[in-house]
Amino acid sequence: MSDATDPWLIVGLGNPGPEYAANRHNVGFMVADLLAERIGGKFKRASKAQAQVLEGRMGPPGPLSRRVVLAKPMSYMNLSGGPVTALRDFYKVPLDHVVAVHDELDIDYGTLRLKLGGGDNGHNGLKSMTKSMGPGYHRIRFGIGRPPGRMQVADFVLKDFSSTERKELGFLVDRAADSVECLLAEGLERAQSAYNS
């Protein structure tokens, strides 16, 4: 079982490359980038895994400060499990200290849901992580809503947020980053009551 001195691995899920940067599927990367900014560091290529990583501390100084490894897998979304497992092994992170931040189709745009374990709900990044490590990691699910009309799911998640959505996106990404910090400092129940909407 994990304890307070164990590191946390915060994984923003997305696809590498500038053409994907503003896609709905890349909201996990957006949250990871904001957390990196808050820590005051820059992502670097990991030598041990196909990922960009940043090591640092999160939370207030003192007993609530947590050692964290922020990561953005540089494989494509459906291969996220390999890089995440390699990082988890290298940094010796307990499974319940792994947090995946990802887009979620079945939740309204901007709604957050935090949970530990569960299914992948058809999300290829989670499917790959669960296949590699098992399901017992935390998820921060960022709602993107369902595609309009007859648009295919794959097309929808690989499109940029709409101009209307972009008006609120900065605030919502900020709130998702806050929920990560709350989870680490105060635990899942407290973070769920503060951020699950």
Side-chain angles (χ1 to χ4, degrees), residues 1-18 20-21 23 25-59 64-104 114-121 123-142 157 173 176-185 187-188 191:
M1 201 50 202
S2 54
D3 68 38
T5 60
D6 286 320
W8 285 80
L9 175 59
I10 315 296
V11 181
L13 291 180
N15 284 309
Y20 298 108
N23 288 180
H25 225 14
N26 271 43
V27 75
F29 275 17
M30 296 172 197
V31 175
D33 287 338
L34 178 57
L35 288 168
E37 224 174 272
R38 290 182 181 185
I39 288 174
K42 291 213 180 325
F43 280 101
K44 293 182 176 62
R45 195 94 194 162
S47 55
K48 305 292 176 199
Q50 195 182 356
Q52 289 187 351
V53 295
L54 167 62
E55 296 177 60
R57 295 196 80 84
M58 202 178 274
L64 291 180
S65 174
R66 301 285 180 253
R67 192 155 66 93
V68 296
V69 179
L70 286 177
K72 297 192 295 185
M74 291 288 115
S75 60
Y76 284 93
M77 179 70 88
N78 58 350
L79 300 171
S80 302
V84 175
T85 303
L87 291 171
R88 186 187 156 222
D89 292 347
F90 178 72
Y91 289 104
K92 299 181 171 51
V93 179
L95 186 55
D96 67 345
H97 274 209
V98 175
V99 182
V101 185
H102 64 92
D103 58 304
E104 178 66 67
L114 286 75
K115 69 175 192 169
L116 175 63
D120 56 55
N121 211 15
H123 192 288
N124 288 331
L126 297 182
K127 200 174 286 183
S128 178
M129 283 179 61
T130 298
K131 190 175 174 197
S132 292
M133 305 186 301
Y137 54 91
H138 287 88
R139 299 101 194 275
I140 294 186
R141 304 154 73 203
F142 187 109
V157 299
V173 167
D178 290 347
S179 78
V180 173
E181 295 192 2
C182 182
L183 170 65
L184 269 56
L188 181 61

Below 4.5 Å, heavy atoms only, C-beta onward: do Leu184 and Ile10 meet side chain to side chain? yes

Residue pairs, two or more places apart or on separate chains, that pass salt bridge (Lys or Arg N to Asp or Glu O under 4.0 Å) and touch residues 71-80: Asp33-Lys72

Drop me the distance from Leu87's CG to Gln50's CD, to the nearest 0.5 angstrom. 10.5 Å

Taking the side chain as every heavy atom from C-beta outward, state whether Phe43 and Leu70 have any pair of such atoms under 4.5 Å apart. yes

Distance-minimising heavy-atom pair for Leu126 and Leu13: CD2-CD1, 4.1 Å

When you compare the side chain of Asn23 with that of Val157, does any pair of heavy atoms fall below 4.5 Å? no

Ignoring hydrogens, what is the shortest heavy-atom contact between Tyr137 and Ala100? Give both atom names and the distance. CE1-CB, 4.1 Å

Is there a donor-acceptor pair closer than 3.5 Å between any side-chain N or O of Ser128 and the backbone N or O of Asn124? no

Under a 4.5 Å cut-off applied to non-hydrogen side-chain atoms, are Lys42 and Glu37 in contact? no

Locate the shortest heavy-atom distance separating Pro7 from Tyr91; write the atom from each residue and the value. CG-O, 3.5 Å

Could you list the donor-acceptor pairs under 3.5 angstrom formed between side-chain atoms of residues 74-85 and any protein atom two or more places apart in sequence or on another chain?
from: Ser75; atom 1: OG; to: Leu79; atom 2: O; distance (Å): 3.2
from: Ser80; atom 1: OG; to: Met77; atom 2: O; distance (Å): 2.7
from: Thr85; atom 1: OG1; to: Gly81; atom 2: O; distance (Å): 2.7

Partners of Arg88 by salt bridge (Lys or Arg N to Asp or Glu O under 4.0 Å), sequence neighbours excluded? none

Taking only residues two or more places apart in sequence or in another chain, which ones pass salt bridge (Lys or Arg N to Asp or Glu O under 4.0 Å) with Arg38? Asp174, Asp178, Glu181

Under the 3.5 angstrom rule, does the side chain of Asn26 hit a backbone N or O of Asn15 as a donor-acceptor pair? yes

For Ala191 against Leu114, the heavy-atom pair lying closest together: CB-CD2, 3.6 Å

Distance from Leu183 atom CG to Ile140 atom CD1, nearest 0.5 Å? 5.5 Å

Do Val68 and Leu35 come close enough that some side-chain heavy atom pair is under 4.5 Å? no

Please list, chain by chain and in numerical order, all residues satisfying side chain to side chain donor-acceptor pair (under 3.5 Å) with Asn121, sequence neighbours excluded. Glu104, Asp106

Taking all non-hydrogen atoms of both residues into account, name the closest pair between Ala177 and Leu34 and its distance. CB-CD2, 3.8 Å

What pairs with His123 under ring-ring contact (aromatic ring centres under 6.0 Å, His included), at least two apart in sequence or on another chain? His25, His102

Checking the side chain of His97 only, and the main-chain atoms of Leu9 only, is there a donor and an acceptor separated by less than 3.5 Å? no

Correct closest heavy-atom pair for Pro94 and Asp6 would be CG-OD2, 3.5 Å

N/O donor-acceptor pair under 3.5 Å between Arg139 side chain and Val99 backbone: no

Does atom NZ (Lys115) have a neighbourhood of more than 12 heavy atoms from anything else shown, all under 6.0 Å? yes

